[in-house]
Amino acid sequence: MAAGQQQASGGAKHGCVCGFPVCACAGAAAVASAASSADMDRVAVAATEGQIGAVNDESWIAVDLSDDGLSADGADPGVALEDRPVFRTEKIKGVLLHPYRVLIFVRLIAFTLFVIWRISHRNPDALWLWVTSIAGEFWFGFSWLLDQLPKLNPINRVPDLAALRQRFDRAGGGAGGGTSLLPGLDVFVTTADPFKEPILSTANSVLSILAADYPVERNTCYLSDDSGMLLTYEAMAEAAKFATVWVPFCRKHGIEPRGPESYFDLKSHPYMGRSQEDFVNDRRRVRKDYDEFKARINGLDHDIKQRSDAYNAARGLKDGEPRATWMADGTQWEGTWVEPSENHRKGDHAGIVLVLLNHPSHSRQLGPPASADNPLDLSMVDVRLPMLVYVSREKRPGHNHQKKAGAMNALTRCSAVLSNSPFILNLDCDHYINNSQALRAGICFMLGRDSDTVAFVQFPQRFEGVDPTDLYANHNRIFFDGTLRALDGMQGPIYVGTGCLFRRITLYGFDPPRINVGGPCFPALGGMFAKAKYEKPGLELTTTKAAVAKGKHGFLPMPKKSYGKSDAFADTIPMASHPSPFAAASAASVVADEATIAEAVAVCAAAYEKKTGWGSDIGWVYGTVTEDVVTGYRMHIKGWRSRYCSIYPHAFIGTAPINLTERLFQVLRWSTGSLEIFFSRNNPLFGSTFLHPLQRVAYINITTYPFTAIFLIFYTTVPALSFVTGHFIVQRPTTMFYVYLAIVLGTLLILAVLEVKWAGVTVFEWFRNGQFWMTASCSAYLAAVCQVLVKVVFRRDISFKLTSKQPAGDEKKDPYADLYVVRWTWLMVTPIIIILVNIIGSAVAFAKVLDGEWTHWLKVAGGVFFNFWVLFHLYPFAKGILGRHGKTPVVVLVWWAFTFVITAVLYINIPHIHGPGGKHGGAIGRHGGDAHHHGKKFDGYYLWP
């Protein structure tokens, strides 16, 4: 937080009226100054002395764009810009970090003493209850420790885009005399169903990639369509056509964000370009073109069906004959047909590779001036577009296509044949580039000092369309800005599926050139494992088959056959590293001729991976639905590191399922995948010694957290039932019990406050995270444990449906309409039972006190308080299952109060329910003869440890 919390006097040197080096006003201008790398010769970066910075709590994760030789953290002003590192590392303030570390160990000691007290004070009346509760407390303490230890050394890494531009965009010795020397970058976008994943969202994602601020000739976009449907292809063709207008418009006027849907949805459009007099007219024209583009996208499904019916009718097909789906040029579509047929259905169709936008030239191409046919004046704008490729891998019955992991591996091979960029960025189809500098920010961590050992750079996931109260913790910032940032101080954050920039050779199974797993926190520990794994490739290496086929003794870490039968693909591997002696040859080899396209189709064949290392030692790892976590883990155990990149404005923004059912199924898939990793050969307990000790702890935590459901179900129901049975977990608490409990709970709250401070999140986000943790633990986590146990015992595969991103409500009337749509699922049963049990338990306790059965009502207060604590955490779930009635929070409270009162009244007025010790008991109860025999006097107590 150092960069964003400088003294006002120091910030004044930057010339901003607010007095701070990082501010919102400087951020907007800084984005504009870096709007287009193609126009860098006409842009004076020094004119905007600012940063892409955050507002409020995120100001310290700014991207430095100042060109004055001063770093935001007060670096030596004598250091020239060209000598500045392309990123810097900032430590968390000691006033936050030191107490945080001390309190972790204080709480650990207090919790240990608390458990010792619990063990030494048995409850002979309910021994099974005592044993089970002790086991639960052990697990809660262990899981807390797994979560807390990796957070001992959180750090911030800040990319310096000004230094990156100085080094790579202003180099005079390049091939083009001042052209960019940035490495090539392939961007993968994956989609599986154009109906569940809105096709317009996918098109916006692709358009934002094409408009990103990265050298045009070094940026290639690949769309993987696992459905193989013509609808997706034609939507991308329409996007490519609209890109000829949208991309130059973004470059000319410095548009942010560069996803057209999000840009035109902005309530205000602050101008950040250099042609303000043309902006209004240009924006009006582009908005009109975009509305027409949306209309064409929305009508594609109908157009394709109508066209196909016309072609099939012209052929005079008889009943029962296959009815093909036809492209606009009159050829049959090779993928999935609208009316599925043999060899043309989902899971059974040919491989398709179609180049929608070919590779651009290496020299700038200015657009035409304004005219009657072209209202936009593009005479000073580079109108080249990055390469765009549509890919649908072959699918055949009898082959396991391995879902998203298989699609990513097919894209890796296909892109290697076509462009073979040394770096790969993967995005989900619902994520678009929100900050045009995102690609450059990520590359900073791949090109900086000692970055050749970095396997991947993980960006945080940010979402739009989430309800203002974030009812189901979709933003999950505690995980992204807390856990992942803290892991950056160890060996690096884990890979979480989307928004991740990879070094290509790490996917091929290469080891790092050096290993140092100590990190900033434990450098000496890392030195114990540091050694040379292999020498960097030298200029003497060639691309001949003899050099490639040497296997472990040559450039490849594994035998050539492990990579498949394609010689063309194997020949690309030596050129995939960065820096590489083959960089020039690789850049010149981007040719999309018929032979190359045929080879790209061949490496996407369904049987290509048979008897190879793909899915085990090469590429994305198979065998789990969370292929992201295990793929990153396999890189970390080789000694590779990763880095966390959080910038503002946010790099990428996606959509999240705000419907309760979709959200629960999403968490179910994640938690099931985590357990699958734990019960596989990738169990982090048995990882190599190259894995940082605390990194191993983090992976153990990420693969075992669903087990918490087993003990949490017990702790959320048994205390409430204890009011009915009269048996309690703690029989007679002492003073030391309260002391230990106060320390355990107090340190937990203080740790939460400190974590909120150094992570830059709000208390409300921390609290929402805890609420949804309770909901997920009682539903999705429990279901995941059961599913994985069935898989392990009975060897049955687990299948999941694709999370639907298509809203079910009326978004025109209410943008959060999907939040109130109730889709009943079996995952809701357990939380509903827990809610009812806690309401009934509290009502019974209240009734027993009123009835005189229990006279020491103060001792009941602790247990009742815990019951309401459980209900309070399940409050968002209760709102969700009430549907539109949940819009009024009072309704939830009314139903709870109604259930509470009815239960208490029934208990008091039905004699055989309560014991004979109350006012309404029998004669024995009134005269006290056998009162203590038939109805136990309350002497127990319960509190959450």
Quiz item: Are the charged groups of R285 and D278 less than 4.0 angstrom apart, N to O?
Solution: no

Exercise. State plainly whether the residues E339 and K305 are in salt-bridge range, i.e. N to O under 4.0 Å.
Key: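 Salt bridge flag = no for K305 with E339.
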
Side-chain ([X]) to main-chain ([Y]) donor-acceptor, under 3.5 angstrom:
X	Y	value
D225	M229	yes
D348	N343	yes
E217	M387	no
S361	S363	yes
R384	V216	no
S436	A212	no
R258	A211	yes
H344	G335	yes
T572	V417	no
H401	A606	no

Could you report the tightest heavy-atom contact between [X] and [Y], atom names first, then the distance?
X	Y	answer
G497	N426	O-ND2, 2.5 Å
A192	S227	O-CB, 3.3 Å
I658	V466	CG2-CA, 3.9 Å
P657	N474	O-ND2, 3.1 Å
N374	P368	ND2-CG, 3.3 Å
P257	S262	CG-CB, 4.0 Å

Do the side-chain N and O atoms of [X] and [Y] include a donor-acceptor pair separated by under 3.5 angstrom?
X	Y	answer
D593	T596	yes
E464	Y432	yes
N312	R315	no
S415	R504	yes
S566	E599	yes
S419	D186	yes
Q437	D213	yes
D169	S180	yes

Could you measure the distance from the [atom1] atom of [X] to the [atom2] atom of [Y]? Nearest 0.5 Å is fine.
X	Y	atom1	atom2	answer
E334	L354	CD	CG	8.0 Å
N204	Y263	CG	OH	14.0 Å
Q402	W614	CD	CH2	13.5 Å
K252	D382	NZ	CG	14.5 Å
N409	L507	CG	CG	8.0 Å
F168	L447	CZ	CG	4.5 Å

Quiz item: Is the Y290 to F264 ring centre distance short of 6.0 Å?
Solution: yes

Quiz prompt | Pair F249 and F242, ring centroids less than 6.0 Å apart | solution =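 No: the rings miss the under 6.0 Å criterion.
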
Self-check item: Intermediate values then yes/no, ring-ring contact (aromatic ring centres under 6.0 Å, His included), H650 and F652
Solution: CA-CA 6 Å; H650 302 309; F652 314 109; over 10 Å; no

Please tell me if the side chains of [X] and [Y] come closer than 4.5 Å, counting only heavy atoms from C-beta onward.
X	Y	result
T191	D226	no
W337	H349	no
V247	L207	no
N435	I647	yes
I443	R440	no
E234	I297	no
C221	P386	no
Q458	Y495	yes

In terms of the angle between their ring planes, are [X] and [Y] parallel, tilted or perpendicular, with boundaries placed at 30° and 60°?
X	Y	answer
H253	F279	perpendicular
F188	W620	tilted
Y508	F569	perpendicular

Self-check item: side chain to side chain contact (heavy atoms under 4.5 Å, CB included) assessment of V338 paired with L230
Solution: CA-CA 8 Å; V338 175; L230 180 59; over 6 Å; no

Practice problem: List the steps, then state whether salt bridge (charged side-chain N to carboxylate O under 4.0 Å, His left out) holds for K403 with E627. | Solution: CA-CA 10 Å; K403 303 180 178 65; E627 73 289 330; over 6 Å; no

Exercise. Verify side-chain hydrogen bond (donor to acceptor under 3.5 Å, both in side chains) between E394 and Y608, making sure each step is shown before the conclusion.
Key: CA-CA 10 Å; E394 181 189 20; Y608 182 86; over 6 Å; no

Quiz item: Should D303 and R307 be marked as a salt bridge (charged side-chain N to carboxylate O under 4.0 Å, His left out) after you check the CA-CA gap, both sets of side-chain angles, and the distance that decides it?
Solution: CA-CA 6 Å; D303 293 345; R307 180 202 313 148; over 6 Å; no

Exercise. Please step through side-chain hydrogen bond (donor to acceptor under 3.5 Å, both in side chains) for the pair W246 and D289, ending with a clear verdict.
Key: CA-CA 9 Å; W246 172 251; D289 289 349; over 6 Å; no

Exercise. Carefully, step by step, assess Y222 and Y390 under the rule ring-ring contact (aromatic ring centres under 6.0 Å, His included).
Key: CA-CA 6 Å; Y222 293 87; Y390 171 89; over 10 Å; no

Exercise. Report the C-alpha separation of D430 and T655 in whole Å, then their side-chain angles, then the decisive distance to 0.1 Å, and conclude whether the side-chain hydrogen bond (donor to acceptor under 3.5 Å, both in side chains) test is met.
Key: CA-CA 6 Å; D430 61 320; T655 56; 3.1 Å; yes

Exercise. Applying side chain to side chain contact (heavy atoms under 4.5 Å, CB included) between M236 and each of L356, V189, L231, report the one that passes.
Key: L356

